[in-house]
Amino acid sequence: MILIMRLNLIQGKTSRRRFKWLQQAMRDPMSTESKDSSVSLMSVFEGWNGYQTSLVNAIAPLPLPN
Amino acid sequence: VWRPAPAANSVGEIARHISLGRITWFMRMGAPGYEQLSSRIEGWETDPDGNLDIVESSLAITDQAGELVHWLEATWEMVENTLKGWYVSDLARTYLHKWNGQVYSVSRQWTIWRVLSHDIHHGGELSLMLGLQGIQAFELSGLFGHIILPPLADQANLGGPQ
């Protein structure tokens with residue numbers, strides 16, 4: 001009987017922790033920012049500028065024509 | 001000029017094509033800054049649907065690395081200024097575009113993805129072409145162009161069960 005009560009207590013504690021984690025995840029700024037229509041496209045497409053740099057750095061040193 | 005096959009494009013032609021593709025599609029959606037670049041292109045043709053297309057060979061830069069870089073940077077400035085000036089709310093705006101006899105309602109989102117995928121598709125070609133010639137391009141080939149890292153996670157806000 002005591003064992004069952006202890007198990008119930010542990011399960012309840014775990015559920016409360018899971019619920020708190022779910023609440024935290026729902027407050028995650030990524031999930032809200034993605035729905036914000038005022039977000040700049042520069043932040044949406046972040047990384048494209050790095051790809052552009054890699055293109056430039058591939059072409060710049062070439063002993064063209066090749 | 002090295003080509004993997006007689007009918008295939010050279011490295012210079014691919015790099016030029018990346019830049020000019022950006023101009024063509026940004027012009028179609030009326031993005032800021034395209035006029036300054038399109039006015040520098042002398043060769044244009046009209047396709048059967050009435051669309052203006054650049055005659056790429058009219059820009060004779062394929063054997064000049066400095067000029068290819070200049071056009072990559074100039075057209076990137078147009079892309080960057082557009083991305084800085086537009087917001088998520090602008091993505092759904094559309095324009096009409098006729099292709100193969102049908103009229104499409106094309107969104108800015110579709111167009112930006114079209115140009116981004118165009119960059120990456122032909123960037124991959126460049127990577128292969130350079131590799132086949134034994135030319136190292138570390139960022140494009142070794143890092144696959146992914147040279148911007150995502151931000152580090154804030155240790156205090158790491159997700160997961162507590």
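What you see below is based on every heavy atom in this structure, not just the backbone, and it leaves out hydrogens, waters and symmetry mates. Numbers restart at 1 for each chain; the letters A, B, ... are given by sequence-line order, proteins then strands.
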ask   = Out of L126(B), L116(B), V69(B), which one racks up the most heavy-atom pairs below 4.5 Å with chain A?
value =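 That would be L116(B).
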request  = Below 4.5 Å from any heavy atom of chain B, which atoms of V56(A) appear? Answer side chain, backbone, both or neither.
outcome  =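 Contact with chain B: backbone and side chain both.
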Applying a strict under-4.5 Å side-chain criterion to I, L, V, M, F, W and Y, I'd like to know whether [X] and [Y] cluster together.
X: L68(B); Y: W2(B); answer: yes
X: I147(B); Y: L149(B); answer: no
X: Y34(B); Y: V55(B); answer: no
X: W25(B); Y: W44(B); answer: yes
X: Y104(B); Y: Y95(B); answer: yes

What do you reckon, is [atom1] of [X] surrounded by more than 12 foreign heavy atoms closer than 6.0 Å?
X: R3(B); atom1: CZ; answer: yes
X: Q136(B); atom1: CD; answer: no
X: E45(B); atom1: CD; answer: yes
X: W99(B); atom1: CH2; answer: no

Answer whether the closest heavy-atom distance between the side chains of [X] and [Y] falls below 4.5 Å.
X: F45(A); Y: I112(B); value: yes
X: V44(A); Y: L83(B); value: no
X: W48(A); Y: I148(B); value: no
X: L130(B); Y: L62(A); value: yes
X: W76(B); Y: N49(A); value: yes

task = Count the heavy-atom pairs under 4.5 Å between each of Q52(A), M42(A), E46(A) and chain B, then report the option with the highest count.
result =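 Option with the top pair count is Q52(A).
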Sort [X] into side chain, backbone, both or neither according to what part of it lies under 4.5 angstrom from a heavy atom of chain A.
X: F138(B); result: neither
X: L72(B); result: both
X: R22(B); result: side chain
X: I120(B); result: both

Let me confirm one number: the [atom1]-[atom2] distance from [X] to [Y], rounded to the nearest 0.5 Å.
X: L55(A); Y: E73(B); atom1: CG; atom2: CD; answer: 11.0 Å
X: S38(A); Y: Y87(B); atom1: OG; atom2: OH; answer: 8.0 Å
X: R108(B); Y: L41(A); atom1: CZ; atom2: CG; answer: 9.0 Å

Minimum-distance pair of heavy atoms, taken over all atoms of [X] and [Y]:
X: Y51(A); Y: L140(B); answer: OH-CD1, 3.8 Å
X: S54(A); Y: E139(B); answer: CB-CB, 3.7 Å
X: A65(B); Y: I59(A); answer: CB-O, 3.6 Å

query = Do side-chain atoms of S37(A) reach the backbone of S89(B) as a donor and acceptor pair under 3.5 angstrom?
reply =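 No.
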